[in-house]
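Some notes on the structure that comes next.
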2 protein chains.
Amino acid sequence: MSTIRGARERARIEVTAAIKDEARKQLAADGAAKLSLRAVARELGMVSSALYRYFPSRDELLTALIVDAYDAVGEAAETAHRASCDVPPVPAAHLARWIAVACAVREWALAHPHEYALIYGSPVPGYTAPQATVGPASRIGFVFIGIVEDAHRTDGLAVPPLAAELRPEAERMAADFAPDLPPAVVPALVAAWSQLIGLISFEIFGQFNRVVEAREAFFRQAVADLARNVGLLDDRADRTATRSAGA
Amino acid sequence: MSTIRGARERARIEVTAAIKDEARKQLAADGAAKLSLRAVARELGMVSSALYRYFPSRDELLTALIVDAYDAVGEAAETAHRASCDVPPVPAAHLARWIAVACAVREWALAHPHEYALIYGSPVPGYTAPQATVGPASRIGFVFIGIVEDAHRTDGLAVPPLAAELRPEAERMAADFAPDLPPAVVPALVAAWSQLIGLISFEIFGQFNRVVEAREAFFRQAVADLARNVGLLDDRADRTATRSAGA
DNA sequence: GTCTATAACGAGATAGAC
DNA sequence: GTCTATCTCGTTATAGAC
């Protein structure tokens, strides 16, 4: 009896995966706004009404794709983080971990540009993300929070100065997301996260065409600068600014 | 005869504007991917073939909307910049100008979220931006370059350190876009620009929901930190980081 | 119970004849 | 420029196969 249920469930899982795979293909071709249940069904040799056994509506299929994409970036980030903690002979410095995770996110985006656009590009008209997406969406954020918490515990942070008007908001954000961190670093961390996505979006969406050529080197430098903004300390020697001549 | 031609041209300009207005409405409702010449025509009480006398294709209409949007943000930025140069009794400090321009861009985006998504969101499937968009697209960038050049000339800059591997790219970028600036600040400037858009995109696209509440204060702080990354000097007293306790 | 197929709805886009 | 016949879409109701 359990085998029968197992077989059914296995079939169900396979069909569900096939539907999502085909839907992802169509995402790449036509964009999320034009995702069509009928077209997916047609391509799979099914009839459209059969899809409703697997996804109760087009929006639910979209939601599943979005959740998968968030989970995929999140996992790429977590994997890179784990790997960076295991480098012999000693764990990598916190800044190196930060850069490693950022590069992993960028590489996932380069490998999956359409799924990236689905989660970090323009919202799909008429679609509002349900509560189910917020957990997967925040996985990646917690990786960066973890790195900074680690740094705070061991080396300490260069806590960035905080405008007085932002103090209560910083306290609230810290209480919500990272109670172990000094409140001032939490807005800086959220800003750095959005700025990291800004860097990647410009590259993926073509805004760096004819502007930036050495994309990876450029990215690494920018991401290291972001880390400095959140207070990660840099043990390299050559990181002091030089003053350019004024008038 | 010139009056007749003038009247004709005036009519043509009016119809062109009406078409673009209606197209913008549809952008807001259905997204750029579904922009349809027929629907625009229907709404205007015209027949679809008549539209082709104004725009030779759907893509050309899209291009016109994109160029308009880039010009609108560009103009918002330029206006804010001019205003910030005229504050009595003395012109605002360079950091204040940087923040003023960034806020102007953000406010334009909040007022025109769909046009913002058109230029800084996911690319429209099947559409590739023609050369005609690159000029308008770079207007906003040159505003920020101008501010930093000004600062370089008068107060000097805290030139950020540059990784050796990025040196040749920085030289090339500086030669192309800002030959008067120290090469090291040019990649930092381009990065800051993409990061500014990252901040705004997260707000416009809803990624800050349930995360950031005091949006404007948060934005001002983040943008001031970005300015620091490109080397703008801060004359305020309280901008030195404090060291948090490590292990 | 679990699934697929047929048929239909109302709305919208599209192509072509006129 | 107009009208019409034919497509697509999301979605539901229903009937039958395993």
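Chain naming here is simple, since letters A, B, ... match the order of the sequence lines and numbering starts at 1 in each.
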Exercise for review: Could you provide the dot-bracket string of DNA chain D, using ( ) for intrastrand pairs, [ ] for crossing pairs and | for bases paired to another strand, with Watson-Crick or G-U pairs below 3.5 Å?
Suggested key: ||||||||.|||||||||
When you compare the protein's N or O atoms with those of nucleotides 7-14 of chain C, which come within less than 3.5 Å of each other, and at what distance?
{"from": "dA13(C)", "atom 1": "OP2", "to": "Arg42(B)", "atom 2": "NH1", "distance (Å)": "3.1"}
{"from": "dA13(C)", "atom 1": "OP2", "to": "Arg42(B)", "atom 2": "NH2", "distance (Å)": "2.5"}

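Non-hydrogen atoms lying under 4.0 Å from DNA chain C are contributed by nothing in residues 61-68 of chain A. Contacts between residues 12-23 of chain A and DNA chain C, defined by a heavy-atom separation below 4.0 Å, involve Arg12(A), listed by number.
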Can you give me every donor-acceptor pair (side chain of residues 27-40 of chain A, partner residue at least two apart or in another chain, under 3.5 Å) with its distance?
{"from": "Ser36(A)", "atom 1": "OG", "to": "Arg38(A)", "atom 2": "N", "distance (Å)": "3.3"}
{"from": "Ser36(A)", "atom 1": "OG", "to": "Ala39(A)", "atom 2": "N", "distance (Å)": "2.9"}

Pairs of donor and acceptor atoms involving the side chains of residues 42-51 of chain A, under 3.5 Å and at least two apart or interchain, shall be tabulated with distances.
none

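The side chain to side chain contact (heavy atoms under 4.5 Å, CB included) search around Ala129(A) returns Tyr127(A), Thr133(A), not counting sequence neighbours. Under the side chain to side chain contact (heavy atoms under 4.5 Å, CB included) criterion, Ala191(B) pairs with Leu199(A), Phe218(A), Ala222(A), Gln195(B), sequence neighbours left out. Taking the side chain to side chain contact (heavy atoms under 4.5 Å, CB included) definition, one finds that Arg210(B) meets it with Gln131(A), sequence neighbours left out. A search for side chain to side chain contact (heavy atoms under 4.5 Å, CB included) contacts involving Glu78(A) returns Arg82(A), Arg139(A), Val143(A), not counting sequence neighbours.
The list of ring pair (Phe, Tyr, Trp, His ring centres under 6.0 Å) pairs with a residue in residues 21-69 of chain B, not counting sequence neighbours, is empty.
The span of DNA chain D lying next to chain B, judged by atoms under 4.0 Å from heavy atoms, is bounded 5' to 3' by dG1(D) to dT2(D).
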